[in-house]
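So that the names make sense, note that chain A is the first sequence line, chain B the second, and so on, each numbered from 1.
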2 protein chains.
Amino acid sequence: MTAARTARARSAGRPTLEEVAARAGVGRGTVSRVINGSPRVSEETRAAVEAAVAELGYVPNRAARALAANRTDAIALVVPEPEARFFAEPYFSDIVRGVGAALADTEMQLLLTLVGGDRERRRLAQYLASHRVDGVLLVSVHADDPLPELLEQLGIPVVISGRRSEDEPLASVDSDNFEGARAAVAHLVAGGRRTIATITGPLDVYGARRRLDGYRAALADAGLAELAAHADFTEEGGRRAMAELLARAPGLDAVFAASDVMASGARQVLRDHGRRIPEDTALIGFDDSSIARHMDPPLTSVRQPIEEMGRAMAELLLAEISATEPARPSLVLPTELVVRASS
Amino acid sequence: MTAARTARARSAGRPTLEEVAARAGVGRGTVSRVINGSPRVSEETRAAVEAAVAELGYVPNRAARALAANRTDAIALVVPEPEARFFAEPYFSDIVRGVGAALADTEMQLLLTLVGGDRERRRLAQYLASHRVDGVLLVSVHADDPLPELLEQLGIPVVISGRRSEDEPLASVDSDNFEGARAAVAHLVAGGRRTIATITGPLDVYGARRRLDGYRAALADAGLAELAAHADFTEEGGRRAMAELLARAPGLDAVFAASDVMASGARQVLRDHGRRIPEDTALIGFDDSSIARHMDPPLTSVRQPIEEMGRAMAELLLAEISATEPARPSLVLPTELVVRASS
DNA sequence: TACTACTGTGGGAGCGCTCCCAGCCGTGAT
DNA sequence: ATCACGGCTGGGAGCGCTCCCACAGTAGTA
């Protein structure tokens with residue numbers, strides 16, 4: 001009984017700093033210094049401590065460290081739950097993989113926080129503050145969301161994905177929506193298309209606006225006229241916008257949709273109208289999601305470096321956390337046009 | 001200077017239990033009891049404490065609680081990084097959403113852990129043990145993976161997604177692969193198909209084997225002959241298997257692929273051979289991923305309740321954590337045939 | 001009336017670490 | 001030989017909580 005309990009306690013209660021210190025014949029403080037890589041330790045002492053650590057299989061207790069040092073070595077990735085569903089498919093996992101990669105060689109751990117409605121969102125700032133995460137990664141932030149500023153006021157480092165405006169005050173990582181759209185439309189122009197329409201996303205989203213700007217810039221370069229229908233990033237929206245475009249300009253020979261999902265909706269309508277892709281009408285999407293790869297014909301699309309964005313966000317956040325001076329860089333990563341059969 | 005520092009300290013150093021106790025005119029222990037919902041507190045005292053908590057905006061410090069109580073109120077979701085990429089698209093985010101939903105009304109927080117190669121996987125058990133998570137959710141566990149057993153030995157509650165064999169010893173949540181496949185093939189039979197082939201997944205994966213079993217059961221019920229080609233859940237594998245099937249049985253009029261991705265590969269080959277879907281050959285997939293919805297024609301597929309599985313996994317884990325007796329239930333959730341134009 | 005048995009409460013001890021101060025020792029300058 | 005000054009080191013204090021023991025007060029029992 002006692003023996004069993006002792007054994008239990010042994011295996012559950014892992015070795016502590018103090019035990020390592022005793023084993024190595026040094027003091028608690030010295031072991032702490034070795035663990036944390038302080039330079040003020042002699043070579044022999046360090047070796048002795050490291051040997052003891054290895055023998056005992058010592059691993060520091062995070063909770064104790066967090067309590068004593070007043071930092072958690074954890075960051076939170078906040079994902080709006082209602083939208084997680086609608087993300088262009090690989091988005092979420094790619095972001096996570098990028099963040100994970102950036103954190104891999106770090107002691108930092110990743111807290112995943114799904115937030116639902118507005119009420120939950122209100123509690124979130126307090127929640128994050130109380131859990132004392134060292135920093136927060138915010139994905140899919142709306143222009144009118146008070147959360148980022150709230151966190152800033154609490155002194156919690158924040159990095160957001162996607163700028164909310166040209167002069168984003170917060171640290172952010174974005175892809176080059178303008179250039180991506182411009183390149184896509186330029187590609188259509190180069191392919192001899194002359195009546196090039198676009199299906200836009202909601203224009204209160206900065207990224208969607210930039211894609212429209214890129215479309216316009218390419219058309220202006222080619223001296224072509226603009227033909228835009230507005231939608232909301234949904235498949236149904238893509239269908240409606242496509243029908244509208246066809247009604248307004250039956251002669252159109254190319255469509256640039258600001259998302260693959262909308263392109264998918266557009267394709268159905270084009271098909272229903274007996275239009276062949278790409279012979280009669282070329283089609284280009286945005287995101288290079290799995291939808292694009294599996295569409296028939298496979299969809300030319302603008303790839304955003306999602307995983308790299310995740311990594312960059314995490315790296316920016318780590319820098320912000322360890323920095324004494326708060327710097328708030330805005331990173332813009334290049335997109336890439338992936339040409340497939342649809343254009 | 002001092003004022004600024006004080007203000008800083010104020011906002012950073014949130015109120016403690018002791019301060020709440022002073023405010024409410026009670027002892028520290030009493031506040032703790034109220035916070036943790038102990039019944040042994042008088043109604044008036046509770047009210048006074050709750051008022052003080054509200055006034056001060058007190059939120060317990062997780063690190064301190066974890067240290068004192070020797071539990072972290074956190075569970076880890078372990079995702080094999082190399083596979084995250086290949087999951088049928090919405091899988092990952094759906095699992096996360098399910099888990100998140102189950103944890104929403106809990107104090108539990110979700111730690112996301114991506115594990116890469118084998119070396120990392122070795123460190124993982126120790127890592128998880130040292131971080132003292134209260135439990136672990138394991139996704140996509142291979143039959144020969146030592147990790148689950150390692151965690152068991154460490155006394156850490158574990159729940160895995162998908163059984164590894166008929167008599168899975170660990171707590172697990174799986175979908176009914178057998179019934180899903182059986183229903184899909186029965187649907188083909190009911191549609192008048194007579195030469196029904198299947199493209200299997202790797203048969204050392206229990207779920208893939210069960211799908212094959214379901215296929216066989218349905219054929220046996222209809223008195224039809226079996227026609228199987230083995231693949232590996234990849235698109236290229238699906239192509240190869242389809243070509244092989246076509247060579248072996250040019251008269252086949254239906255194909256049940258054990259995943260949407262393989263079905264997508266099969267469709268390409270069928271198309272290349274001039275076969276119309278569904279007129280000449282019916283096609284059914286498995287997973288009901290976004291690929292299925294966007295395929296042309298849209299692919300009939302077997303839906304797994306991924307989000308529900310995530311929720312069930314989390315609930316099982318919570319039960320295991322709070323239980324004194326370790327019970328290891330194996331849950332099997334029903335699938336659903338989503339009929340689209342391809343069959 | 002005296003004893004027992006609760007219920008409710010206060011607060012000491014201690015979780016395992018970091019921070020920091022004081023002390024030890026050897027070195028070089030005086 | 002003496003003193004000052006570093007580099008290393010040990011260990012006290014304390015982070016904010018939970019656990020648990022002790023004790024006051026009240027009620028029930030003989």
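Counting only heavy atoms from C-beta on, L17(B) has its side chain closest to dC17(D) among dC17(C), dT9(D), dC17(D). Side-chain proximity of A69(A) to the nucleotides dC19(C), dG10(D), dG16(D) is greatest for dC19(C). When the nucleotides dT9(C), dC8(D), dC19(C) are ranked by their closest atom to the side chain of S42(A), dC8(D) comes out on top. Minimum atom distance to the side chain of R33(B) is reached by dG11(C), of the listed dC17(C), dC19(D), dG11(C). Comparing dT18(C), dC8(D), dC17(C) against the side chain of Y58(A) picks out dC17(C) as the nearest.
Residue whose closest nucleotide on DNA chain C sits further toward the 5' end, between L67(B) and G29(A): L67(B). Residue order along DNA chain C, read from the 5' end via each residue's closest nucleotide, puts G27(B) first among G27(B) and A64(B). When each of A68(B) and P39(A) is assigned the nucleotide of DNA chain D with its nearest heavy atom, P39(A) is the one assigned upstream, toward the 5' end.
Computed from coordinates, the E18(A) CD to dC17(C) P distance equals 9 Å when rounded to whole Å. Across the protein-nucleic acid pair, N61(A) atom CG and dT18(C) atom C1' stand 13 Å apart, rounded to whole Å. Taking atom CG on N70(A) and atom P on dC19(C), their separation rounds to 10 Å, with Å as the unit. One can place CZ of R14(A) at 16 Å from C1' of dC15(C), the figure rounded to the nearest angstrom. Nucleotide dC19(C) holds its C1' atom 16 Å from the CD1 atom of I35(A), rounded to whole Å. With rounding to whole Å, R40(A) atom CZ is found 10 Å from dG6(D) atom C1'. Note: CD (E107(B)) to P (dT18(D)) measures 11 Å, nearest angstrom. Taking atom CZ of R71(A) as the reference point, atom C1' of dC15(D) lies 13 Å away to the nearest angstrom.
When D94(A), V173(A), L333(A) are each tested for a side chain to side chain contact (heavy atoms under 4.5 Å, CB included) with P305(A), only one passes: L333(A).
A close approach under 4.0 Å does occur between a side-chain nitrogen or oxygen of N36(A) and OP1 or OP2 of dT18(C). Using a 4.0 Å cut-off, some side-chain N or O of T30(B) falls inside it from OP1 or OP2 of dG10(C). Between dT18(D) and S32(B), a contact under 4.0 Å exists linking OP1 or OP2 to a side-chain N or O.
Under a 4.0 Å N-O distance rule, the pair R65(B)/E107(B) qualifies as a salt bridge.
Minimum interatomic distance between Y58(A) and P15(A) (heavy atoms only, all atoms of both residues): CD1-O, 3.2 Å. Shown here for R163(B) and D174(B), the closest heavy-atom pair between the two residues is N-OD2, 3.2 Å.
R28(B) comes within contact range of at least one nucleobase, with a heavy-atom separation under 4.0 Å.
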Report task. Start with the C-alpha gap between L112(B) and L77(A), add the side-chain angles, then the distance that decides, and say whether side chain to side chain contact (heavy atoms under 4.5 Å, CB included) holds. Result -> CA-CA 10 Å; L112(B) 197 61; L77(A) 174 63; 5.8 Å; no
